[in-house]
Amino acid sequence: MKKRNIKPLIIGNWKTTPATLKDAVTFVKNLEKKIVSLKKKSVSAHYFLAAPDIFATPLIEIAKHGEIGTQNVAGISIGQETGLTTPSMVASTGATFTILGHSEVRKRGEDLHELSQKVALSLKAKLTTILCVGESERDKEGNYLHALENDLKEILADIERGLFSNLVIAYEPIWAIGAPVPATVEECFEVVIALRRALATLVGIEYAKKVSIIYGGAVTEETCKGFLVEGGVDGLLLGRASQDVKTFSAILESCFKN
Ligand code: PGA
């Protein structure tokens, strides 16, 4: 597997937007123009866009400075199941990554066993796999940290260690998703340390080091850089901020500028 060293990882999660394929194509064309103008200012930005499945393939052709992925995959291989898309199907289109375990998907009934299967198959299909974890609320005793560590251990216990270099953990506190303000950089940093510790216990430091950790939840143009500088993360997962070309490109500029 080719190890890509793109840092920071700035990933847009389009969710159920935009409304039409035409809008999606226009968005990516405009984003590409912005990236070209950033290059003229010596900022070489790279983006990842998790599009709705049905829009992904046509966008791959026009995304020259970025990569297109999906927001979920099925935890099964080729076979007789109606209405699902397998990781190898996604990879065969030229999509390079997928988000998995987003809280909005878990809320619809995805359990840890199913999620673990999705992670295994998606890594095997050579998709960069963005696994989301996050607490719904915090308690003073710090039990949420143990819950997050356990979540991670349960999902990753049976995953082949050699595939870890293509795994990205997205720390997404559920209380910050769709909220007016994100977590503070200190709150983020604390969890990053806990997740790194959990990974190291599970697979050893050598493999744990290969895993990137990113933050998601109410990130804005104003707050993006702080997470990279003080929050201890290798990138960001953006919801609303990735659904507007101007905001998305402003965040890319701020994050890729030295
Ligand atoms: P938000 O969403 O940036 O709109 O809060 C983040 C996410 O759900 O990944």
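Basis for what follows: all heavy atoms, side chains included, without hydrogens, waters or symmetry-related copies.
- Between His46 and Glu67 there is a side-chain heavy-atom pair separated by less than 4.5 Å.
- A continuous path of ILVMFWY side-chain contacts below 4.5 Å connects Ile60 to Leu21, so both sit in one hydrophobic cluster.
- When the side chains of ILVMFWY residues are joined at heavy-atom separations under 4.5 Å, either directly or via intervening members, Ile78 and Val73 end up in two distinct hydrophobic clusters.
- With a 6.0 Å radius and a threshold of 12 heavy atoms from other residues, nucleotides or ligands, Asp139 has its CG atom above the threshold.
- The minimum heavy-atom distance between Ala176 and Pro182, with the atom names listed, is CB-CA, 4.3 Å.
- Between the CG atom of Leu121 and the OG atom of Ser116 there is a distance of 9.5 Å, given to the nearest 0.5 Å.
- From Leu237, atom CG reaches atom CG of Leu9 across 10.5 Å, with rounding to the nearest 0.5 Å.
- Contact check for Gln71 versus His102: no side-chain heavy atoms found under the 4.5 Å cut-off.
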Residue pair Val203, Val211: steps toward the side-chain contact (heavy atoms from CB on, under 4.5 Å) verdict:
CA-CA 11 Å; Val203 297; Val211 179; over 6 Å; no
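- Residues satisfying the ring-ring contact (aromatic ring centres under 6.0 Å, His included) test with Tyr47, not counting sequence neighbours, are none.
- When all heavy atoms of Glu110 and Gly101 are compared, the pair lying nearest together is OE1-CA, 3.3 Å.
- Between Leu115 and Leu131, some side-chain heavy-atom pair lies under the 4.5 Å cut-off.
- Distance check, rounded to the nearest 0.5 Å: CD of Glu190 to OG1 of Thr184 gives 8.5 Å.
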Would you sort out whether Lys34 and Asp244 count as a salt bridge (charged side-chain N to carboxylate O under 4.0 Å, His left out), showing the intermediate values?
CA-CA 12 Å; Lys34 295 266 189 195; Asp244 173 74; over 6 Å; no
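- Across every non-hydrogen atom of Pro173 and Gly216, the tightest pair is CD-O, 3.5 Å.
- Counting heavy-atom neighbours within 6.0 Å of Tyr207 OH, excluding the residue itself, gives a total of 12 or less.
- For NZ of Lys29, the number of neighbouring non-hydrogen atoms (other residues, nucleotides, ligands) closer than 6.0 Å is 12 at most.
- With hydrophobic clusters built from ILVMFWY side chains whose heavy atoms lie under 4.5 angstrom apart, Tyr215 does not share a cluster with Ile193.
- Under a 3.5 Å cut-off, the side chain of Lys210 and the backbone N or O of Phe164 do not form any donor-acceptor pair.
- Each of Ile213 and Ile177 belongs to its own hydrophobic cluster when Ile, Leu, Val, Met, Phe, Trp and Tyr are linked at side-chain heavy-atom distances under 4.5 angstrom.
- Atom NZ of Lys118 and atom CD1 of Ile76 lie 10.0 Å apart (nearest 0.5 Å).
- Heavy atoms of other residues, nucleotides or ligands lying less than 6.0 angstrom from CD of Glu61 number 12 at most.
- Between the CD atom of Glu221 and the CZ atom of Phe248 there is a distance of 12.5 Å, given to the nearest 0.5 Å.
- Across all their heavy atoms, Thr129 and Ser122 have their closest contact at OG1-OG, 2.5 Å.
- In terms of heavy-atom proximity, Leu202 sits nearest to Leu152 at CD2-O, 4.4 Å.
- Counting only N and O atoms by type, the side chains of Thr70 and Thr98 include a donor and acceptor under 3.5 Å apart.
- No donor-acceptor distance shorter than 3.5 angstrom exists from the side chain of Thr17 to the backbone of Lys15, with no hydrogens or angles considered.
- With contacts defined as side-chain heavy-atom distances shorter than 4.5 Å, the pair Arg138/Glu187 qualifies.
- At a threshold of 4.5 Å between non-hydrogen side-chain atoms, the residues Lys64 and Ile35 do not count as touching.
- Residues Ile99 and Val105 are not in side-chain contact: their nearest non-hydrogen atoms beyond the backbone lie 4.5 Å or more apart.
- Under the ring-ring contact (aromatic ring centres under 6.0 Å, His included) criterion, Phe27 pairs with Trp14, sequence neighbours left out.
- In this structure, the side chains of Glu160 and Lys124 come closer than 4.5 Å at one or more pairs of heavy atoms.
- Crowding of Phe189 atom CZ: a count of heavy atoms from other residues, nucleotides or ligands under 6.0 Å not exceeding 12.
- The 12-atom threshold is exceeded at CD1 of Ile62, counting heavy atoms of other residues, nucleotides or ligands nearer than 6.0 Å.
- Panel note: side chain Thr201, backbone Arg197; a donor-acceptor pair is recorded below 3.5 Å.
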Check the pair Val191 / Leu145 against side-chain contact (heavy atoms from CB on, under 4.5 Å), numbers first and verdict last.
CA-CA 7 Å; Val191 173; Leu145 290 173; 3.9 Å; yes
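- Under a hydrophobic-cluster definition in which Ile, Leu, Val, Met, Phe, Trp and Tyr are linked whenever side-chain heavy atoms come within less than 4.5 Å, directly or via other members, Ile169 and Ile174 are assigned to different clusters.
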Under the side-chain contact (heavy atoms from CB on, under 4.5 Å) rule, what do Leu100 and Asn72 come out as? Steps first, then yes or no, please.
CA-CA 5 Å; Leu100 288 178; Asn72 195 7; 3.7 Å; yes
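- The structure places NZ of Lys33 at 11.0 Å from CG of Leu31, a figure rounded to the nearest 0.5 Å.
- With Arg106 contributing its side chain and Glu104 its backbone, the two residues share no donor-acceptor pair below 3.5 Å.
- In this structure the side chain of Ile130 reaches within 4.5 angstrom of the side chain of Phe97, judged on heavy atoms.
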Criterion side-chain contact (heavy atoms from CB on, under 4.5 Å) on Cys224 and Leu228, from CA distance to verdict:
CA-CA 7 Å; Cys224 60; Leu228 303 179; over 6 Å; no
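- Residues Pro8 and Cys255 come closest through the heavy atom pair CG-O, 3.7 Å.
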